[in-house]
**Q** 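Got a structure for you, questions after.
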Amino acid sequence: MDGGDYSVAGGVEDVYGEDAASIDQPVTPWTVSVASGYSLMRDPRHNKGLAFTEKERDAHYLRGLLPPVVLTQELQEKKLMHNLRQYQVPLQRYMALMDLQERNEHLFYKLLVDNVEELLPVVYTPTVGEACQKYGSIFRRPQGLYISLKEKGKILEVLKNWPERSVQVIVVTDGERILGLGDLGCQGMGIPVGKLSLYTALGGVRPSACLPITIDVGTNNEKLLNDEFYIGLRQRRATGQEYAELLHEFMSAVKQNYGEKVLIQFEDFANHNAFELLARYSSSHLVFNDDIQGTASVVLAGLLAALRLLGGTLADQRFLFLGAGEAGTGIAELIALEMSKQTGNPIEENRKKIWLVDSRGLIVDSRKESLQHFKKPWAHEHEPVKELVDAVKAIKPTVLIGTSGVGKQFTKEVVEAMAALNEKPLIMALSNPTSQAECTAEEAYTWSEGRAIFASGSPFDPFEYDGKVFVPGQANNAYIFPGFGLGVIISGAIRVHDDMLLAASEALALQVTEEHYEKGLIYPPFSDIRKISANIAAKVAAKAYELGLASHLPQPKDLVKYAESCMYSPKYRTYR
């Protein structure tokens, strides 16, 4: 596709021409041969259920295999949304949606795209967390690839077992730190599956270009090891050299099988491995860690947008973090980078405006010897402070960010201290799922007497305080990674650079309008997510071209239009 051709509708590098045909152009439903009748209805990529037309029923031997009625996709969607809303238990909705994904791919994505605000909490946090905890019990059909220690030495062969050849995005986890729920071993597969469904629904990456992978090196979760329905290896986690060798074989096999330009997104690895893997492979592979970089990018976007409410520049703020793991240090580093970009000051100077509290209290100089390497840049001159509320009083932050994975840490005293220091305290309770949030929206608004600007990782309902309705923002990575991934793919980027993350943050912040600010929102509503993703993709791609990291040449003239033209459409195709 050259830069000026915007007639395509969905999917970059579409080998079979199914997505690259314009939406109303008929396509032939190839599987191995032309699919017909019974097999066509059982192939989720081509199945339309009762929406097969009279012509298609004749041409593809479907007569008699379906009741006589012909429904539109819109009517099917209406029926399914009605059915989903009957379920009182979110996990039942999750299971119903997964069943639909395995039965009728286009309809699954149509539901997700058209009802994103309602269904996002089901396919993603918080419900996906519960699904992972119970994955062994609700397991029906395997999705994605499972690579365990049993496959050591044979990982390339395992990748070749996957039917798709043109994979563009891989989301991989080892299940050691699933959300705030801890080690769920092999059952962490729910996370890559959920993330990739969002790559398609929100970022428009074709489903066939997405590959979820779980690397099973065992689990240290006693409950799972003793669970008769556990689906993973029954052994304690491999570590050290054994772990590193398996991961190295995996990374090499992916590059060998899918080439230089497949995006590998690390998801929910434990801290030590997450930093190490990102450092080790970022110079040789196209890698992205959503917990470190995706979270940082979405939080930075919220901060940039909030400046319009807070006044001043980013460098005028003081930041205090509760939690100094992947998310906390990743966000802190990106904030410092953006400050450097805006002021020209060295990054070391900017770091001094950012303070972190871990389980042992404020990270200060006198603790340097005992700190993990990723915490060391944040150890500043200050006497030790044990409690968060005392750290708030000592540091006097304008922004309080929670990434601890532990719920209820922003107590009444902490929020009141923030409100005493600031006219508009910015409070971000980012830990997932909802049960692990540092405080609720209601608590933040009530304890600050309606003055807080609040955002969280998991969704909260609007809240009325003193006659005013506050709509809490959701600092959800789903704003960033689908558009970011699309930008990387359409530019053919070969590496991820920090400036691409900054470009994504700035693009997202620009999508917040006056109307949103009036409701106290620092993120745009998810209902516009495809437009937002296209804008993020365009900015990320532009930065990749500028840095000389893009391989799809020449650069398209209008990157937003080009990004939109490359997005997968969930509308049914006409089969000839």
**Q** We want to know whether Ser148 and Glu151 form a side-chain donor-acceptor pair, criterion being a heavy-atom distance below 3.5 angstrom.
**A**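 Yes, side-chain donor-acceptor contact under 3.5 Å.
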**Q** Between Thr214 and Thr173, do the side chains contain an N or O donor and an N or O acceptor separated by less than 3.5 Å?
**A** no
**Q** Does Lys134 qualify as a cation-pi partner of Tyr94, given the criterion of NZ or CZ under 6.0 Å from the six-membered ring centre and within 45 degrees of its axis?
**A** no
**Q** Aromatic rings Tyr568 and Tyr109: how do their planes relate, parallel, tilted or perpendicular, breaks at 30° and 60°?
**A**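 Judged by the thresholds at 30° and 60°, the geometry between Tyr568 and Tyr109 is perpendicular.
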**Q** Do Ser551 and Lys261 get their side chains close enough for a donor-acceptor pair, meaning under 3.5 Å?
**A** yes
**Q** Would Phe288 and Phe481 count as a ring-ring contact (aromatic ring centres under 6.0 Å, His included) here? Give the steps.
**A** CA-CA 9 Å; Phe288 172 71; Phe481 70 80; 7.7 Å; no
**Q** How long is the span from the CD atom in Glu276 to the CG atom in Asn271, to the nearest 0.5 Å?
**A**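 Reported value, rounded in 0.5 Å steps: 12.0 Å.
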**Q** With no hydrogens and no angle check, just 3.5 Å: does a side-chain donor-acceptor pair link Asp174 and Tyr243?
**A** yes
**Q** Specify whether Phe275 and Phe374 have parallel, tilted or perpendicular ring planes, treating 30° as the upper limit for parallel and 60° as the lower limit for perpendicular.
**A** parallel
**Q** Any luck finding a side-chain donor-acceptor pair between Asn104 and Tyr572 under 3.5 Å?
**A**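 A donor-acceptor contact under 3.5 Å links the two side chains.
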**Q** Check whether Tyr38 forms a cation-pi arrangement with Arg42 (NZ or CZ under 6.0 Å from the six-membered ring centre, at most 45° off the ring normal).
**A** yes
**Q** Does a side chain donor of either Asn220 or Glu176 reach within less than 3.5 Å of an acceptor in the other side chain?
**A**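 The criterion, which ignores hydrogens and geometry beyond distance, is not satisfied for Glu176 and Asn220.
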